[in-house]
Amino acid sequence: DREVVSAAIRQYGRALGFAADDLRDDKQIVVEAVSQDWRALEYASERLKGDPDVVLTAVQKDAFALLHVAQVLKRDRQFLLSAIRLNNNVLQIASPEFMGDRDFVLEAAQRNGRVLEHALPAFRTDREVVLAAVTNCGPALASASADLRADYEIVSAAVEQDPGAVIFASSKLRAEFDIQQRQASPEAADDTESMAFFSARKTAGNLGMSSVLGLEAALMCEIGSLGLPVVPGFCFAASKAAERRPDLSDGPIKQGLASPEAATELQFGNVDAPLLLSVHADIEAAVSLGDLSVSNIGLNDEIVSKLSERWHPRCVLDCYRRFIYSFASVAKGLDMRPFDEATASVVARLDSKCQLGRKHEVCDIPRHDLQDLVDEYRLLYEEQTGVPFPQDPKEQLCEALAAVLGGDAHEDGEEARVSRAVIQAAALGNFDS
């Protein structure tokens, strides 16, 4: 029954395999089937496996549909070029004679620049092929050889097609294009602060803003704009040392906090429904400066007590311990040896008491010992800083941001480089428990 089969394949394309031969030779039925699942092409009649319209419908879903098409189409140059326009992955499924044909690859690149990803290494170093690819699709620059990613004309063509492609250029050209962008928009160059927020629901920013926001934050904005899952948060960039201690009472940080608060339905500093944050340097800065990150910002004695009533108390305490440790190390730059010695002492005591001779890890520390260790961490913090560990979440965030942004740097009046921080909502950061 045609209607029954039609209804079935709209739900499950490969149900075509159970249809009668005359329905597997029905073009409308087969198109419906491959639209739902490209693998249904396997069950189409031989005649329809050679029908360009049917096959292109399947190829648009997945290039591997070519495995089921008639041989005549696999050898048809114009058909393959039409297929490549719809799906760049077709090139890797095409026969070796086409993959090694420069004229074919050049024409394919003109139709869909992303084919460069699957082109032979010789074509990724071919200037004409690469120029055709990036002119059609700027991000294809990522697949070009290192020499061509340092070619001004090629990078210019890529950036003109998609400004975000600049992140794939050589470091020298990235800096040059950043200067050009600032000269072209002097009002943007005068901005000392930049902020963009991101979440799967709403995003302000895109990949093209990488020179301002940093690569990591720009990528997160782009992911959010596609509706893909991303931990909600925001990024902050400041170009002057004086502005690396941002005011949380007003301005971009306060505005930025509204995004993860709305996405998580939690509130930073709220005792009953606390939003915890992580702050870390942009990935590009982390490469040269090392790991600059503080997690579980927002925890204090009162919030820890409240959370322990709802969640596993040991897990909450361990998160608090980790927060104090990372804050002391990154935000204050304290000598961490006493902290490490205190932890090692607790673990050694557990080892000595174990009649089975078991060697313990930090994750094995029981709740009462963990509470003692947290108290000792706080005493060590106060001994080195002269002040108690901060209990105000806003103060914690301010100090963490200042450390990541380099708030104490460049006090000699020299112009500072742009510093960027990524602030995201955090689950309880407790890897071992």
Only distances under 3.5 Å count here; give the side-chain donor-acceptor pairs of residues 84-91 to other protein atoms, sequence neighbours excluded, each with its distance to 0.1 Å.
residue : atom : partner : partner atom : Å
N87     : OD1  : N89     : N            : 2.9
N87     : OD1  : N89     : ND2          : 3.3
N87     : ND2  : V59     : O            : 3.0
N88     : ND2  : R114    : O            : 3.3
N88     : ND2  : H118    : NE2          : 3.3
N89     : OD1  : H118    : NE2          : 2.6

Tell me, please, which residues at least two apart from A342 pass side chain to side chain contact (heavy atoms under 4.5 Å, CB included).
L373, E376, L380
Which residues share a side chain to side chain contact (heavy atoms under 4.5 Å, CB included) with A58, sequence neighbours left out:
V34, W38, L41, A65
List in chain and number order the residues that pass ring-ring contact (aromatic ring centres under 6.0 Å, His included) with F79, two or more places apart in sequence or in another chain; answer none if no residue qualifies.
none
Got a sec, which residues hit side-chain hydrogen bond (donor to acceptor under 3.5 Å, both in side chains) with D272, two or more places apart in sequence or on another chain?
none
What residues, two or more places apart in sequence or in another chain, satisfy side chain to side chain contact (heavy atoms under 4.5 Å, CB included) together with A273?
L266, N270
Under the side-chain hydrogen bond (donor to acceptor under 3.5 Å, both in side chains) test, residues paired with Q391 that sit two or more places apart
Y320
ring-ring contact (aromatic ring centres under 6.0 Å, His included) involving Y43 - partner list, sequence neighbours excluded
none
Which side chain to side chain donor-acceptor pair (under 3.5 Å) pairs, counting each pair once, include a residue from residues 131-151, with sequence neighbours left out?
R127-D151
Across all chains, not counting sequence neighbours, the ring-ring contact (aromatic ring centres under 6.0 Å, His included) partners of F339 are Y377
List for me each residue that meets ring-ring contact (aromatic ring centres under 6.0 Å, His included) alongside Y381, sequence neighbours excluded, and say none if there are none.
F389
Residues passing the side chain to side chain contact (heavy atoms under 4.5 Å, CB included) test with D37, sequence neighbours excluded, are R14, R39
